[in-house]
K.L.:
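The structure's right below; bear with me while I get my questions together.
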Amino acid sequence: MGARVVVLGSGIAGHTAASFLRKWLGKEHEVIVVSPKTDYNWIPSNIWVGVGLLRPDQVLFPLPPVYKRAGIDYRQAKAVAIHPEGTGDDHQACVAIEYTSPEKLGQQERVAYDYLINATGPKLNFDATPGLGPDKNTVSVCTADHAAHASQLLDEKVERMRKGERQKFLVGMGHGTCTCQGAAFEYIVNLEFELRHRGVREMADITYLSNEYELGDFGMGGLHLRQGGYVTPSKIFTESLFAERGIDWVTRSHVSKIEPGRVFFETLAGEEKELPFDMAMLLPPFRGAALSAFDRNGADITARLFAPSGFMKVDADYTAKPYEEWRAADWPRTYQTAFTNIFAAGIAFAPPHPVSVPRQSPKGTNITPAPPRTGMPSAIIGKAVARSIVDMIHGAKEPTQTASMAEMGAACVASAGANPFTGTAASITVFPIVPDFEKYPEYGRDLNHTFGEIGLAGHWIKILLHHLFLHKARMRPLWSLIPE
Amino acid sequence: MTSPKSTRPMGRDEHWLTVTKPTATTRFFRTFLPWQFIRFIVINVKMVRIIAMGHHPKRS
């Protein structure tokens, strides 16, 4: 009898896991994807939607036809609760889902599983900061719709500048614990490039507002690169890029409130400050999806499976300890939870602690970037978890694959202007993502594999990756040969 | 497209004066096609190496 694997979520981690499960498992086994969204979004290209260079349909495609062709059972629904021990006398593990499709809206169902992958990604926690979000006073590029909204607002601002009205743009982090500084970095340099392209740059004041202690932290505690005969911190690299483009910056900040045209923030030094803006693209902090868990008797075991942040606890060392005692080995390797048939992949797993040095303001406000949660590790984790599950179905006693963020590198291409001849991008490789000071005592990373460079070649790579990864996600011919 | 001019008067912010900025030569090479074709290949090789180190069978 075949096994049934249920994947919650169809983002980069979930979709990668489901695709490889289907490829590696025989037809006697079932792969079910539960996701409230019918579209796949290649999120790294949302930046270009946000400055009007791409339409939303160029970064989105519908998943149901892809899943139908691949033989993956797709349910347009959101997961509500996990029952790892089954319910009552029925010992079959299951997950309670609620349909979001128009024809079944609100209907609930229990889907039995042999293996479960939680790849529900982040909840965009705009509520963490009063006034933050596309429904309130700021824009975002977290989804294609958000990015399209940002692009419309940008068009309005450009028209005002053409009429001689000076405009203030603010880009960055909407809370002291945000991550995804890379996305804000890409948006601000693309915004600046686009304003130049539209001939209104001289009418714009552009400011980056971040929770990073120094520019270039990126939630990774910064990185060091060999350049020009020196080992240079990413702070120098990033500041140079901003200064070259006339972008001002404010770091060490926690945004506490946003009113129309004005952002209020607290600094690490304890000062209360504010900045005016005409357009603000501020990213939200992340939370885990709102999922509960119950034992066979109906008792709530959510705290056993999930951290207070809503992210799922996996095989990491979650012992609370001071920064000096943090180790690379604290980070999860197999993403298996306390229940051996439940895994978390991508952003859904709970990191053991931040990577950046934790800091608090005199008022006790936490102003520390959360760990980076980017696409490449999400896809690698999704694939590793899928392989482990396939091997366990075939008899392995435990997960066979590891994908620790302290043992893997990342390649990142941050667009800094989209034009095939005059555009540039920062190409960065880092190894490992989470620094390992036991293995690399001086900088925490292998400088032979940690590298950064700005140039047109990076922009070409970014375009290549856009098309390659959309091809892969559509599961078109030879998709599985394209690496994560 | 010309390179951007600073919209900030020098000296307004202290950090404005203390950063490293690229020379004209560095900026030129960033979009100089023959050099960028070479860099395209070099960067791709570096990224493939990183990808190859991505994930692996479990080590006990």
Side-chain angles (χ1 to χ4, degrees), chain A residues 192-193 196-197 201-206 232 236-237 239-246 248-249 333-334 376-377 380-381 383-384 387-388 398-404 407-411 413 417 419 421-424 427 429-432 449 451 453-458 460-461 464 483-484, chain B:
Chain A
E192 193 277 335
F193 186 88
R196 252 191 295 152
H197 180 72
R201 175 66 183 90
E202 300 299 321
M203 297 300 291
D205 295 321
I206 310 176
T232 310
I236 303 291
F237 196 69
E239 285 183 351
S240 170
L241 220 135
F242 279 8
E244 185 191 348
R245 287 160 175 73
D248 205 351
W249 64 87
R333 301 181 81 225
T334 66
M376 184 174 168
I380 291 174
I381 294 166
K383 186 178 179 182
R387 185 72 246 179
S388 286
E398 55 183 20
T400 55
Q401 301 287 310
T402 65
S404 166
E407 295 171 5
M408 74 166 85
V413 184
N419 182 288
F421 299 106
T422 60
T424 53
S427 307
T429 63
V430 56
F431 187 90
H449 296 292
F451 147 90
E453 176 176 319
I454 302 167
L456 180 58
W460 296 337
I461 293 170
L464 182 69
E484 286 65 49
Chain B
M1 201 178 302
T2 56
S3 78
K5 290 175 193 161
S6 169
T7 55
R8 295 275 179 190
M10 292 296 281
R12 175 172 169 172
D13 299 305
E14 192 180 326
H15 65 214
W16 210 253
L17 301 171
T18 57
V19 299
T20 308
K21 288 173 91 172
T23 61
T25 310
T26 301
R27 290 216 310 267
F28 170 78
F29 275 101
R30 282 182 188 166
T31 52
F32 181 53
L33 290 178
W35 178 241
Q36 288 302 315
F37 280 124
I38 295 166
R39 298 313 299 166
F40 180 78
I41 294 163
V42 171
I43 295 167
N44 269 296
V45 168
K46 285 177 183 281
M47 288 187 169
V48 167
R49 273 166 57 198
I50 287 289
I51 289 161
M53 295 159 78
H55 64 103
H56 32 70
K58 188 175 180 181
R59 295 188 298 263
S60 54

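Note on naming: letters A, B, ... go to the chains in the order of the sequence lines (proteins, then strands), and numbering restarts at 1 for each one.
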K.L.:
Quick one, A/F431 and B/R49 - any side-chain contact, counting heavy atoms below 4.5 Å?
P.N.:
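They are not in side-chain contact.
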K.L.:
In Å and rounded to the nearest 0.5 Å, what is the CZ to CD distance from B/R30 to A/E244?
P.N.:
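B/R30 atom CZ to A/E244 atom CD measures 4.5 Å (nearest 0.5 Å).
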K.L.:
Under 4.5 Å between any side-chain heavy atoms of A/E239 and B/T20, yes or no?
P.N.:
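SC-SC contact between A/E239 and B/T20 ruled out.
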K.L.:
Within the structure provided, determine whether B/V42 and A/F451 are in side-chain contact (heavy-atom separation under 4.5 Å).
P.N.:
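In short, these two side chains do not touch, never coming nearer than 4.5 Å.
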K.L.:
How many angstroms lie between atom OG1 of B/T31 and atom CD1 of A/I454, to the nearest 0.5 angstrom?
P.N.:
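B/T31 OG1 to A/I454 CD1: 12.0 Å, rounded to 0.5 Å.
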K.L.:
Below 4.0 angstrom, N of the basic side chain to O of the carboxylate: do A/E453 and B/K46 qualify?
P.N.:
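Answer for the salt bridge query: no.
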K.L.:
Can you see which heavy atom on B/V19 is nearest to which on A/A243, and at what distance?
P.N.:
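Minimum heavy-atom contact is CG2-CB, 3.3 Å.
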K.L.:
Looking at B/M47 and A/A411, what are the two nearest heavy atoms and their distance?
P.N.:
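Closest heavy-atom pair between B/M47 and A/A411: CG-CB, 3.7 Å.
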K.L.:
Working to the nearest 0.5 angstrom, can you tell me the gap between B/I43 CD1 and A/W460 CH2?
P.N.:
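Rounded to the nearest 0.5 Å, the CD1-CH2 separation comes out at 10.0 Å.
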K.L.:
Output the distance between atom OG1 (A/T424) and atom CZ (B/R27), rounded to the nearest 0.5 Å.
P.N.:
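Between atom OG1 of A/T424 and atom CZ of B/R27 there are 11.5 Å.
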K.L.:
At what distance, to the nearest 0.5 angstrom, does CG of A/L456 lie from CZ of B/F40?
P.N.:
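Going from the CG atom of A/L456 to the CZ atom of B/F40 covers 10.0 Å.
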K.L.:
State, to 0.1 Å, how close B/I50 and A/M376 come at their nearest heavy-atom pair, and which atoms those are.
P.N.:
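Heavy atoms only, the tightest pair is CG2-CE, 4.0 Å.
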K.L.:
For A/I381, is it the side chain, the backbone, both or neither that has a heavy atom under 4.5 Å from a heavy atom of chain B?
P.N.:
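Looking at A/I381, nothing touches chain B.
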K.L.:
Checking B/F37 against chain A: side chain, backbone, both or neither under 4.5 Å from a heavy atom?
P.N.:
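It is both, since atoms from each part get that close.
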